[in-house]
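Chain letters run A, B, ... following the sequence lines, proteins first and then strands; every chain starts at 1.
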Amino acid sequence: MPDPENESLFEAPPMAEQERMVEAILFATAEPVTLAELGSRMPMGSDPAEALALLRKRYAGRGVNVVKVGEAWAVRTAPDLGFLMRHEVVETRKLSRAAIETLAIVAYHQPVTRAEIEEIRGVSVSRGTIDLLIEMDWIRLGRRKMTPGRPVTFVVTQAFLDHFGLESARDLPGLKELRAAGLLDNRPPPGADLPDPDAEDDGDQTDMFEE
Amino acid sequence: MPDPENESLFEAPPMAEQERMVEAILFATAEPVTLAELGSRMPMGSDPAEALALLRKRYAGRGVNVVKVGEAWAVRTAPDLGFLMRHEVVETRKLSRAAIETLAIVAYHQPVTRAEIEEIRGVSVSRGTIDLLIEMDWIRLGRRKMTPGRPVTFVVTQAFLDHFGLESARDLPGLKELRAAGLLDNRPPPGADLPDPDAEDDGDQTDMFEE
Amino acid sequence: MTPAEDPFEADPQSVSERLAAEALIVDVGAFEGPLDLLLTLSRTQKVDLRQVSILALAEQYLAFVERAKALRLELAADYLVMAAWLAFLKSRLLLPPDPADEGPSGEELAAHLAFQLERLEAMRAAAARLMARDQKGRDFFARGLGEDVARVRRITFTATLLDLMQAYARVRTRDDFRPFVMDRDAIFTLEEALERMRPLIGFAGDWTDLTSYLPDGWQMDPARRRSATAATFAASLELAKEGRIEIRQADIFAPIELRKRGPRDA
């Protein structure tokens, strides 16, 4: 219970308001919060213990609960709903330079054949790179090209557009616009004079003829 | 409403249970979640829209609220309790005046081209300003404009709406008044006496899409 | 814009106005271009932007530029362009309209400038209101604590739009920065083979071995020969489809031969 003397000195907020405060603090704080911390952050004269007890009761049986972690308190998903959280954490990795360049060429030139990608990149494209992009559902096979050999082409997918927040691949800015926006340095890219960082891809150049 | 046929095939959980699930998912995720994502994570036959509506009502006036962010939903602390969270405030990058104005112009005039931004500000958009705003995930590319040169446009993102607590770009402060005053019109200068700010974009930016 | 206003009212500058102009000149670097400066100048008229006298504003701006010149201050080109334009606008506003002139009237030009100023002012105010809103991470907060329920680790690869655009820019401009090199000297493309064969088949009256069509210098190295053979073979299939040549092979693994198909054979 609040100290009656304090109550007269400091007008503590109504208990419903104190409960709101505890709720917001527990939600937003990255670590579980002790009663002492709650008290130090709430207005003078507040009673965090009582507010917390009310909040705890309010969340009983809900989708998230107020739980005790050591000496501190936190909001956690109800244990029976853990199955909903399975997709929560995915480990993300940066795409390799070869992959992002290949992806960019497909996006800008689609439909584009593998030979055309190699022509633009200036090095051969390893099969793993294309496979990875297809597996990620960012590129897919398009129509065969109406040129000799009828090579398959690659186009970007709806998932690609969704991921990059594009309405269509045609909305990508052109080279001129990239330069104007300062995305295109007129400096040589780092390592341009060094051994080609794409050398890893250069090894099995001939493998495409062994299919 | 749930499809009655589906309901017979897949036993959907009771609505109270669905509400708990939506509650758990929204609490667990810092990013806004769309209805489609909710639906895909809940058991077959669930009605996330109805569950969400119930949940939203339940949290009205509480210390945390269910808010709409563009086409998605998130739980956020009530703005009036921000003073309790001083510990949580992370110093954000101080934006330059040019960046803030560019952001506002994109928000109020979207979809807007770079040339239009420059026309409004009366100066060229400095190198890297657009770059920075894209990197912060506050603006993104929109559709190309159906004008000569088909310049790219910029629009604001869901992260922008989330950051400024907006349900949609239509809720920007003062938008109606500005529109009523004609200040959001794209009014071309009379005659050709002023240097045409679009001239630089009229070049051959479409060439890359022409085979 | 009020054309009725006495155009010479602003001419004998008061001391305070002159001081204000001096201050502006000191600050010229702080302005984001002529429009920004004009907006600041228009505020000294202490009126609603919709009532601002564009003529008086032009006078103020021209006085500013004169003073900057007198002080031998380097003004950026766009300030001088604006000065020239405002001088032109001033003459249009002061002189009676020439009926032979088809361009926009001085009033129209002035109205547009007033609109630009009002719009810039409005966007500044909108920007300020936007930044004054409750902001995430400052006034309201997202969930601070990650869930520690059992997780399924799934690796996804990620890239941002910026990565994508920069990658493309890098690829497309790489040739700007390095001497030309043949990266694929061991690959002979179908297109190249076709280009080589089209003129040659005109002379191939009789059955000729396919390998005789391989380009010079591609026979020795196995990788190069393989690539050239495959491309040449694919190209001959294409030419056969077009009805320009015939192909035959006597036996499995026997040499493939081709000859021109005469128009009468068709």
Side-chain angles (χ1 to χ4, degrees), chain A residues 16-31 33 37-38 40-43 51 55 58-59 61-65 75-78 80-88 108-112 164-183, chain B residues 16-17 19-29 37 40-42 55 58 61-64 75-78 80-88 114 124-132 134 137 140-144 150-153 155 157-158 200-201 203-209 211:
Chain A
E17 198 55 23
Q18 293 186 33
E19 194 192 321
R20 286 182 78 226
M21 293 177 178
V22 173
E23 188 175 32
I25 294 172
L26 291 189
F27 173 81
T29 312
E31 299 292 322
V33 186
E37 277 166 49
L38 278 176
S40 74
R41 287 166 72 170
M42 291 164 71
L55 191 70
R58 184 185 293 271
Y59 275 100
R62 308 272 335 135
V64 290
N65 308 138
V75 182
R76 287 290 160 83
T77 308
D80 65 313
L81 297 179
F83 72 96
L84 292 171
M85 249 40 76
R86 252 181 337 192
H87 304 293
E88 254 351 273
Y108 275 88
H109 291 263
Q110 66 169 351
V112 64
F164 290 98
L166 295 165
E167 290 185 40
S168 106
R170 297 212 133 211
D171 295 330
L172 283 166
L175 273 190
K176 250 182 122 171
E177 292 162 300
L178 290 174
R179 185 171 280 132
L183 290 172
Chain B
E17 197 56 23
E19 195 194 321
R20 287 183 75 227
M21 292 179 179
V22 173
E23 188 177 30
I25 294 172
L26 290 189
F27 263 78
T29 328
E37 281 165 46
S40 75
R41 288 168 65 176
M42 291 164 72
L55 190 71
R58 184 183 297 272
R62 308 243 4 110
V64 296
V75 178
R76 297 286 180 254
T77 64
D80 66 310
L81 299 177
F83 71 96
L84 294 170
M85 248 63 72
R86 239 160 286 142
H87 304 305
E88 311 306 323
R114 188 189 161 94
S124 61
V125 176
S126 87
R127 211 182 140 81
T129 298
I130 299 255
D131 193 351
L132 174 72
I134 290 178
D137 194 22
R140 64 174 177 85
L141 296 167
R143 283 178 189 286
R144 281 176 182 271
R150 313 221 333 115
V152 292
T153 63
V155 295
T157 62
Q158 178 178 279
E200 68 176 68
D201 278 351
D204 53 352
Q205 63 192 17
T206 51
D207 64 352
M208 69 168 51
F209 293 104
E211 299 279 350

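- Heavy atoms of B/Leu141 lying under 4.5 Å from chain A belong to its backbone as well as its side chain.
- Taking CG of A/Leu38 as the reference point, atom OG1 of A/Thr29 lies at 8.0 Å (rounded to 0.5 Å).
- In terms of heavy-atom pairs under 4.5 angstrom with chain A, the leader among B/Gly61, B/Ala78, B/Ala16, B/Ser124 is B/Gly61.
- Summarising the geometry of B/Gly63 relative to A/Ala24, their closest heavy-atom pair is O-CB, 3.6 Å, with the distance given to 0.1 Å.
- Between chain A and the options B/Arg140, B/Gln158, B/Arg143, heavy-atom pairs under 4.5 Å are most frequent for B/Arg143.
- With a threshold of 4.5 angstrom between heavy atoms, B/Arg58 approaches chain A through side-chain atoms but not through N, CA, C or O.
- In this structure, chain A has no heavy atom under 4.5 Å from any part of B/Val22.
- No part of B/Leu26 comes within reach of chain A, as not one of its non-hydrogen atoms sits under 4.5 angstrom from that chain.
- The side chain to side chain donor-acceptor pair (under 3.5 Å) test applied to B/Arg20 returns A/Asp80, B/Glu17, not counting sequence neighbours.
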- Item | Working for side-chain contact (heavy atoms from CB on, under 4.5 Å), residues B/Phe83 and B/Leu81 | CA-CA 5 Å; B/Phe83 71 96; B/Leu81 299 177; 4.2 Å; yes

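- In this structure, the salt bridge (charged side-chain N to carboxylate O under 4.0 Å, His left out) partners of A/Glu23, at least two apart in sequence or on a different chain, are B/Arg62.
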